[in-house]
Each structure stands twice: as structure tokens, then as C-alpha cells.
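Please read all numbers here as calculations on a predicted model, not as lab measurements.
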Amino acid sequence: MRNTVRQELVARQLDEQIGTLFPVGQQLRVLDVGVGQGTQAMRLARIGHEVTGLESDPAMLAAVRGALEGEPRFVRERFRLVQGDGRDTGAHFLPGAFDVVLCHGVLMYVPEPEPMLAGLTRVLAPGGLLSLVVRNADALALRPGLAGDWAGALAAFDSPDYTNRLGLTARADRCQDLVTTLAGIGAPVREWYGVRLFSDGAADGTVPPTADELAALLAAEERAGRTDPYRTVAALLHLCGVRQ
């Protein structure tokens, strides 16, 4: 359920930003850095955009290729996969090559995000959209705290490092730090959202909600993600910057 909520909210927010930045019907050049399972990338290809997925993990690349085999031909023809690291976009792509760059769930594995963000901005065309989804450092204490893990909650106040549900060591970001960084590299934030506040503590194996329950949950999550102070303590942040 957590992933369903995340992907649906990010899709709505991304479509909103694309709709305000680009003419209706324009075919956009999209780069998805760390494409993972390809959820957003394939969704954008289905609606007509040219998508490039950049991924360093061979297993992930194989999974996306397998998923693409089940897609219609017109989706496969406008979807390209490249093996490579998101920190080396300059080695793979020319400056200004893309209208939209997605970097979702990647920065938490990068010790120093600034060089990578500068590289992503470089491959964006002027007026292009940079979409970042990151773990929220200002909310790290909530998950262990609500689970009764008081030692974990106290530790989360003092460090942006954490262990995610996959058992991997990761790093969270603070919204204001990213706002400052993106302004400094020429892609100032035009809007940001919180993602997954009420459903973040859902346990693995939770009984899926009914369609009506899911619709109500998404409505509440979407409202919280746009409203202070709720969005400031969402598990994830979605920041949208525009290349100057």
C-alpha cells in the first residue's frame, strides 16, 4: 500500500507541474535517473513522451526490460534504457538533452548530492523540470516513534542516516537544504509536496484497502501533501525545480 500511495501521489504532482510548464500535447524528452521498476517512466511513455531510463543495477535493468515486453509496441519504441550511474549523466547525455529529469528515490544513496544534482541540471533544457523524491530528514523520528522504538526515534533527531525497509543504509535530506542547493545550481524550486504521511506506518502484509477506502486515503494524503504543517513531516518530499 505504501508504494501504491507514493506512486499515485507523485504521478498526480508530476502531471500538475508538467501541465503548468509545457503546452498540452507536447511530446517531452524525459530522463528517469535510477529508473528502478520504471513505474513513472512507463506511465509517461504510455501517454506519449520519449523516455530514457538510466540505471546502474543490472537486475533492475533486466526487470524493466521484462516489464517492457508486456507493453504495446508504441510504448517500447519510445522507451530507451541506458546502463549507467546517475552521478555520470554528463558522460551519457549532452547538455540540455531533456525537458524533464526524474530522480526519485536515488539521492538517499548518494553521500554528496550536490555534484549529482548539478549534473542533472546540466542535461536539462532551459525551462525544463527537475523532479526529486527524497526521504525527509525532518520526519525521520516519526516512524520509529509511532512504532514505540524510542531509542530509534531519539537517534533520528541527531543524524540524517537511517536503515530503510530493505535493510540498506541510506541518507535523508532536509527540504530547506535542497531548496538552497537547487537555487544555487540554477534550478530553483517552484513547488514542493509531502508524500505519504498517514500511510507511512502501514506494515508489510497489511490487508489492501477497498477501492473506496483507497480513494479516501489518497484524497487525505494528497491534501496533507499540499498543506502546512502536515507536508513538512511527510515521510518523503517531492521537490520540483525549473532550469533557468
Side-chain angles (χ1 to χ4, degrees), residues 3 6-8 10-110 113-134 178 182 185-187 190 238-244:
N3 190 55
R6 167 187 167 173
Q7 298 293 354
E8 178 61 27
V10 170
R12 294 180 185 185
Q13 295 157 1
L14 190 57
D15 287 350
E16 177 179 77
Q17 293 303 313
I18 288 174
T20 59
L21 285 171
F22 303 101
V24 174
Q26 179 179 341
Q27 186 181 60
L28 302 175
R29 302 163 299 165
V30 179
L31 172 65
D32 191 345
V33 175
V35 67
Q37 297 175 335
T39 302
Q40 297 299 330
M42 278 192 271
R43 185 184 70 84
L44 291 170
R46 291 185 196 115
I47 59 178
H49 302 302
E50 294 183 355
V51 178
T52 300
L54 181 67
E55 178 59 61
S56 60
D57 186 338
M60 285 290 189
L61 283 171
V64 176
R65 288 193 181 100
L68 279 170
E69 290 177 1
E71 293 290 328
R73 180 178 176 181
F74 73 88
V75 174
R76 298 195 305 270
E77 288 178 343
R78 59 172 67 118
F79 200 113
R80 179 170 66 116
L81 284 170
V82 176
Q83 184 167 3
D85 193 296
R87 290 167 289 192
D88 299 322
T89 50
H92 298 285
F93 311 111
L94 294 173
F98 298 98
D99 304 302
V100 177
V101 172
L102 313 181
C103 183
H104 297 171
V106 175
L107 280 190
M108 58 267 294
Y109 302 115
V110 179
E114 290 85 356
M116 180 173 173
L117 292 174
L120 300 185
T121 300
R122 178 177 175 273
V123 299
L124 264 179
L129 174 66
L130 176 60
S131 170
L132 305 176
V133 175
V134 302
L178 287 175
L182 291 175
I185 60 177
R190 74 186 310 266
H238 182 195
L239 293 91
C240 299
V242 176
R243 178 77 162 90
Q244 293 179 327

- Is the side chain of Q27 donor-acceptor paired with the backbone N or O of G48 at a distance under 3.5 Å, no angle test? yes
- Check against side chain to side chain contact (heavy atoms under 4.5 Å, CB included), M42 and R46: CA-CA 6 Å; M42 278 192 271; R46 291 185 196 115; 3.9 Å; yes
- Query: Are R190 and T20 close enough that some pair of their side-chain heavy atoms sits under 4.5 Å apart?
  - Reply: yes
- Can you measure from NE2 (H49) to CG (D99) and round to the nearest 0.5 angstrom? 9.5 Å
- Item | Spatial distance of atom CG (D32) from atom CZ (R80) [nearest 0.5 Å] | 13.0 Å
- Query: Should R43 and D15 count as an ion pair when the cut-off is N to O under 4.0 Å?
  - Reply: yes
- Query: With a 4.5 Å limit on heavy-atom distance, are the side chains of P58 and Q83 in contact?
  - Reply: yes
- Query: Would you call L28 and L44 a side-chain contact if the rule is heavy atoms closer than 4.5 Å?
  - Reply: no
- Does the side chain of I185 reach to within under 4.5 Å of the side chain of L120, using non-hydrogen atoms? no
- Does R243 reach the main-chain N or O of L130 with its side chain, forming a donor-acceptor pair under 3.5 Å? no
- Item | Taking every non-hydrogen atom, the tightest pair across G127 and F22 | O-CZ, 4.0 Å
- Is H104 close to T39 at the side-chain level, that is, under 4.5 Å between some pair of heavy atoms? no
- Message: When you measure from the side chain of R29 to the backbone of A97, do you find a donor-acceptor pair of N or O atoms at a distance under 3.5 Å?
- Response: yes
- Item | Minimal non-hydrogen separation, C240 against Q17, with atom names | SG-CG, 3.6 Å
- Between L31 and V123, which heavy-atom pair has the shortest distance, and what is it? CD2-CG2, 4.2 Å
- Message: Looking at R12 and E8, is there a salt bridge between them, counting it only when a charged N and a carboxylate O are closer than 4.0 Å?
- Response: yes
- Rounded distance [0.5 Å steps], CZ in F98 versus OG1 in T52: 4.0 Å
- Query: Rounded to the nearest 0.5 Å, what separation is found between the CD atom of E16 and the CG atom of L21?
  - Reply: 10.5 Å
- Message: Could you check whether any side-chain N or O of R78 sits under 3.5 Å from a backbone N or O of A45, counting only pairs where one atom can act as donor and the other as acceptor?
- Response: yes
- Working to the nearest 0.5 Å, report the span between CG of L182 and CD of E114. 9.5 Å
- Task: Kindly say whether Q7 contributes a backbone atom to a donor-acceptor pair with the side chain of Q40 at under 3.5 angstrom?
- Result: yes
- Report yes if the side chains of L81 and L68 come closer than 4.5 Å at any heavy-atom pair, otherwise no. yes
- Query: Checking side chain to side chain contact (heavy atoms under 4.5 Å, CB included) for the pair L129/L14: CA distance, chi angles, key distance, verdict?
  - Reply: CA-CA 9 Å; L129 174 66; L14 190 57; 3.9 Å; yes
- For the pair E55 (side chain) and L61 (backbone), establish whether a donor and an acceptor sit closer than 3.5 Å, ignoring hydrogens and angles. no
- Query: Is any side-chain heavy atom of T89 less than 4.5 Å from a side-chain heavy atom of V101?
  - Reply: no
- With rounding to the nearest 0.5 Å, note down the distance linking CG in L54 to CZ in R87. 11.5 Å
- Note on the structure: In terms of heavy-atom contacts, S131 and H238 come closest through OG-NE2, 2.7 Å
- Looking at side-chain heavy atoms only, is the closest gap between M116 and V106 below 4.5 Å? yes
